[in-house]
Amino acid sequence: MLEKARIDSMQSTLLMVSMILPTAILSLPAFLLNLARQDAWLSVIIAALAGLVIAVLVVSLSLRFPGKTLFEYAEEITGRVPGKIVGLLYIWWFLHSSALIVDEFGSFLCTAVLPNTPVIFLHIAALAVVAYAMYGGLEVLSRFNQLIFFGAITFLLVGFFLSTKEMQAVKLLPLFDTDLVSILKGSFVSASWFGEIVIFAMFIPSLNKPGKAYLVAASAVVITAFFLVSSLFSVVAVFGPYVAASWIFPIFDAVRMVSIANFLERLDPLIVAVWLMGEFVKVGVFYYAALLGSAQWLGLKDHRPLILPLGVIILSLATLCPNVVELLDFMSTSKPPYALTIFEVGIPLLLWSVALVRKKRGKAD
Amino acid sequence: MKKIALFLLFISFTGLLGGCWDRSEVSELAIILGAGVDWTKQNQIRLTVQIARPSSFYGGEPGAGGAEAAAWVVSADGKTIEDAIRYLSAKVPREIYWGHCVILVLGEDMAKKGAGLVTNFFERNRRARETIWVMVARGKAEEFLETYSDLEKTSSQAAGFLNRMRTGYSVKLMEFAQMEASKGVQPVATAVRLTGAGSAPGPGQKKSPEHKEVEISGAAVFKEDKMIGWLDVHEARGLLWLKGEPVKGVVTIPSPGEPDKKVSIIIRRGSTKVIPYYDGNKILFNVFLTAEGTFEEQQGRENLDTPEKIKLLESKAAEEIQKRASLALLKAQGVYGEDIFGFGDAFHRKYKKQWRTLKNNWDMEFKRAEVAIGVEVRIRETGLMTRRASTPET
């Protein structure tokens with residue numbers, strides 16, 4: 001067992017929310033609004049149900065093999081070589097996802113705050129901080145997350161509440177204006193975000209009460225869905241479905257609209273700060289999963305020697321996208337089928353059914 | 001060895017000092033307060049900006065011995081706004097900063113050419129706010145910005161505050177964009193003009209110099225993004241009622257017993273409900289306006305302080321509001337043939353299936369639609385008085 005730290009249910013729930021939410025409210029709303037307009041929130045609710053199913057799948061699979069991560073029981077279920085291949089695929093996915101997150105936030109910062117700064121410096125700065133935290137391991141990450149989580153959520157909610165003055169609830173009507181196909185397309189896209197809960201398979205062995213894993217995963221999905229739905233509501237109520245869909249980062253613009261008494265306005269730096277902290281944790285979770293996975297894959301006793309090499313890989317992957325349009329296009333059209341079919345549903349389902357057929361089961365501690 | 005390495009690393013950090021790409025110092029910014037855009041005879045965009053002069057914003061008493069103007073107005077031509085800014089920056093020795101721009105004024109010609117040629121810059125630019133007030137100047141935007149305000153520091157701020165008070169019809173850039181995007185409503189922007197403003201002479205002054213000041217004067221009606229006509233002040237008030245925007249205003253009606261004397265009622269709050277009916281052929285809109293007001297002024301001497309008289313006043317005021325709303329409706333349906341009230345959006349909310357076919361021809365449908373306006377006014381307070389203090393003894 002590589003990671004000796006233990007995290008409690010609360011910490012792991014918050015960690016899982018921070019693992020999905022930051023990019024889910026950064027770029028996902030724009031994709032959803034383009035597909036399903038004012039019915040986007042329905043897409044999210046359907047996707048959240050799918051997310052719950054994925055969560056149950058992953059947790060029940062992990063609980064069959066107590067104390068083992070995805071990489072360890074994959075080998076146990078399928079045998080050494082196929083298990084290694086599955087592990088390699090997941091290492092790639094974790095690295096690639098980290099790179100996408102880094103790139104997404106780099107683009108956001110570049111667009112919103114620092115247009116003259118070369119984006120690679122934003123990538124390096126972000127990754128350097130996360131890499132430093134990686135030396136501390138899981139416990140440092142989850143404690144940091146616990147520290148910032150409530151502050152970030154408070155800022156976010158205050159932002160929403162302050163913009164109620166600009167909101168008109170009628171803009172959310174009529175319901176079911178778009179056809180079912182668009183709504184389902186939207187839920188497919190957002191399901192790929194909720195499906196990231198698969199990464200929880202790397203953390204279940206570190207829970208102090210693994211029995212609560214179902215509750216942790218389910219509440220993480222529900223909390224994320226709640227914030228995503230409320231941000232969609234507020235964006236549509238402020239801008240109407242058409243204008244809302246034209247922003248790259250709709251929540252950012254909704255907060256920019258806040259102007260109370262000619263005095264309480266220009267709150268956008270606040271929301272940038274919230275996102276930066278979220279980025280830190282989100283990249284941290286994926287980076288850490290990649291580290292832990294590769295250490296187990298290589299049979300190392302410590303993940304620390306891998307921090308720098310993997311960081312460099314993430315950095316170079318993050319610079320692959322030539323522009324923001326291509327990045328967002330990838331996130332909205334290619335990423336959902338790619339992530340969902342292979343990593344979030346495909347492989348876990350395969351492992352689960354093979355384990356069931358072969359009656360494989362880990363030894364209880 | 002380790003210490004030396006650390007020391008060298010530390011020294012090398014100083015090399016980073018030169019590389020702050022996004023540094024911007026307040027003292028190096030040209031803070032734009034208002035922007036005006038005109039369409040020139042050479043088919044170019046003329047961007048006029050009002051730049052704040054920070055030194056004249058504080059310190060020194062206003063009017064005390066040659067006060068400086070609080071703003072500098074400068075313009076440049078270009079093919080697009082950014083292009084014009086490039087020429088502008090050849091004249092402005094500081095970095096042009098849009099973060100505090102409060103108004104966007106389109107010249108009449110520019111608005112007729114297409115507001116869409118202009119507005120995208122202000123939406124896309126990260127510094128410009130989505131809350132800029134959009135206005136159309138009767139005449140040139142350039143002249144509009146060249147004025148100053150006696151009460152506020154600059155005419156941009158004066159125009160911004162006028163909009164913020166919502167005394168007339170006012171619209172933010174984002175609201176304008178939403179109207180442009182929706183098929184169920186055509187955009188309307190605030191109309192502004194310059195008007196001669198007499199100003200009270202200060203102590204030791206004979207008379208302050210005559211100049212023009214900004215005034216809100218109705219609204220400009222657009223078809224998609226091109227301006228097609230104006231609404232006057234009264235029609236703009238009717239527009240506000242029918243659009244369901246917060247209405248603050250005064251209704252003046254003849255006193256019931258003495259028709260040549262007037263009574264004024266201040267409208268405190270109001271609401272608008274638009275209920276569409278569609279039977280597959282005819283469209284009917286039932287519009288219910290409710291207003292709550294205070295009876296604030298009376299010219300005549302009759303005693304209006306009885307429940308019956310108040311009821312009478314209420315119905316008279318309702319008639320008056322109905323008249324104003326009909327005025328705007330008549331102009332929109334008859335003259336412009338454009339749904340500027342968002343009735344289409346209301347229709348969309350109730351008949352979403354039928355809307356899919358009707359929306360592409362909504363102008364025609366709106367023109368044919370029947371609109372019934374019902375108004376209810378409630379007078380809650382009567383100011384500090386029951387009857388006139390000067391009511392003669394009986």
Side-chain angles (χ1 to χ4, degrees), chain A residues 33 37-39 108-122 124-125 163 165-179 235-250 252-262 265-269 272, chain B residues 16 19-24 95 99-100 102 119-120 122-133 152 157 160-161 163-165 172-185 187 243-246 271-274 276 342 345-356 359:
Chain A
L33 290 166
R37 297 213 288 276
Q38 67 266 47
D39 295 330
F108 169 66
L109 281 180
C110 223
T111 306
V113 198
L114 302 165
N116 293 322
T117 307
V119 75
I120 181 122
F121 285 87
L122 301 173
I124 292 174
S163 52
K165 205 184 92 183
E166 308 294 330
M167 292 184 192
Q168 282 171 301
V170 287
K171 286 178 190 164
L172 290 158
L173 297 172
L175 290 181
F176 306 110
D177 191 32
T178 40
D179 52 322
V235 167
V236 174
V238 170
F239 292 119
Y242 302 100
V243 173
S246 62
W247 301 117
I248 292 192
F249 312 115
F252 180 63
D253 287 280
V255 174
R256 277 165 62 100
M257 288 290 285
V258 172
S259 169
I260 309 260
N262 216 355
E265 50 186 16
R266 295 163 206 275
L267 298 176
D268 28 314
V272 173
Chain B
L16 298 174
C20 191
W21 291 275
D22 279 295
R23 186 197 66 234
S24 56
E95 187 194 334
H100 288 273
V102 280
T119 47
N120 184 253
F122 295 90
E123 294 158 13
R124 206 178 272 266
N125 186 284
R126 78 192 173 95
R127 285 272 171 68
R129 314 301 292 193
E130 295 85 341
T131 48
I132 297 177
W133 300 104
E152 307 301 337
Q157 280 161 306
F161 287 138
N163 276 305
R164 181 178 272 272
M165 299 269 293
K172 289 176 185 170
L173 180 60
M174 249 23 273
E175 295 160 352
F176 191 77
Q178 282 170 54
M179 290 189 282
E180 273 185 288
S182 170
K183 282 199 168 166
V185 60
K243 262 182 102 72
E245 307 242 335
S271 73
T272 304
K273 218 180 247 171
V274 181
D345 284 339
F347 186 84
H348 180 192
R349 285 194 274 276
K350 191 167 172 191
Y351 299 100
K352 60 188 179 208
K353 284 216 181 72
Q354 291 86 335
W355 173 248
R356 276 175 212 156
K359 70 176 174 188

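Note that the structure is a prediction, hence the values are computed from the model and not measured. Below, each value reflects all heavy atoms present in this structure, side chains not excepted, and no hydrogens, waters or symmetry copies. Letters go in sequence order (proteins before strands), and every chain restarts at 1.
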Contacting region of A:Pro115 [heavy-atom separation from chain B under 4.5 Å]: both
message: Quick check for you: to the nearest 0.5 Å, what is the distance between A:Thr178 atom OG1 and B:Lys352 atom NZ?
response: 9.0 Å
- prompt: Are A:Ser259 and B:Arg164 close enough, and set up right, to give a side chain to side chain contact (heavy atoms under 4.5 Å, CB included), and what steps lead you there?
  reply: CA-CA 11 Å; A:Ser259 169; B:Arg164 181 178 272 272; 3.4 Å; yes
message: Just so I understand: if I count every heavy-atom pair under 4.5 Å between each of A:Phe252, A:Phe121, A:Tyr242 and chain B, which residue has the most?
response: A:Phe121
query: So, the side chain of B:Gln178 versus the backbone of A:Ala244: is there a donor-acceptor pair under 3.5 Å, distance only?
result: no
- prompt: So which heavy atom on A:Val243 is nearest to which on B:Ala181, and how close?
  reply: CG2-CB, 4.2 Å
message: I'd like to know which of A:Gly240, A:Pro174, A:Ser246 tops the heavy-atom pair count under 4.5 Å against chain B.
response: A:Pro174
- line: Comparing B:Arg356, B:Glu175, B:His348 against chain A, the one with the most heavy-atom pairs below 4.5 Å turns out to be B:His348
message: I'd like to verify something: which residue of B:Lys350, B:Glu180, B:Arg129 has the highest number of heavy-atom pairs under 4.5 Å with chain A?
response: B:Arg129
- prompt: What part of A:Asp268 lies closer than 4.5 angstrom to a heavy atom of chain B: side chain, backbone, both or neither?
  reply: side chain
- request: Compare all side-chain heavy atoms of A:Val238 with those of B:Met174 and state whether any distance is below 4.5 angstrom.
  value: no
query: Is it the side chain or the backbone of A:Thr111 that comes within 4.5 Å of chain B heavy atoms, both, or neither?
result: backbone
query: Can you tell me if NZ on B:Lys273 sees more than 12 non-hydrogen neighbours from other groups inside 6.0 Å?
result: no
message: Determine whether a donor-acceptor pair (N or O, by modelled atom type, separation under 3.5 Å) exists between the side chain of A:Asn116 and the backbone of B:Asp22.
response: no
query: Which one of A:Glu265, A:Glu166, A:Arg266 has the most heavy-atom pairs closer than 4.5 Å to chain B?
result: A:Arg266
query: Do you know which of A:Leu173, A:Ile248, A:Asp177, A:Asp253 has the most heavy-atom pairs with chain B at a distance under 4.5 angstrom?
result: A:Asp177
Separation between CZ of B:Arg349 and CD of A:Gln38, rounded to the nearest 0.5 Å: 10.0 Å
query: chain A heavy atoms under 4.5 Å from B:Lys172: which part of the residue, side chain, backbone, both or neither?
result: side chain
task: Select one option (side chain, backbone, both, neither) describing which atoms of B:Tyr351 are under 4.5 Å from chain A's heavy atoms.
output: neither
- prompt: Given a strict heavy-atom distance threshold of 4.5 Å, which part of A:Leu175 is in contact with chain B: side chain, backbone, both, or neither?
  reply: backbone
field: A:Phe176 portion near chain B, given a 4.5 angstrom heavy-atom threshold
entry: both
- prompt: Quick one: CD on B:Glu130 to CZ on A:Arg256, what's the gap to the nearest 0.5 Å?
  reply: 4.0 Å
- prompt: Do other residues, nucleotides or ligands put more than 12 heavy atoms under 6.0 Å from the CZ atom of B:Arg124?
  reply: no
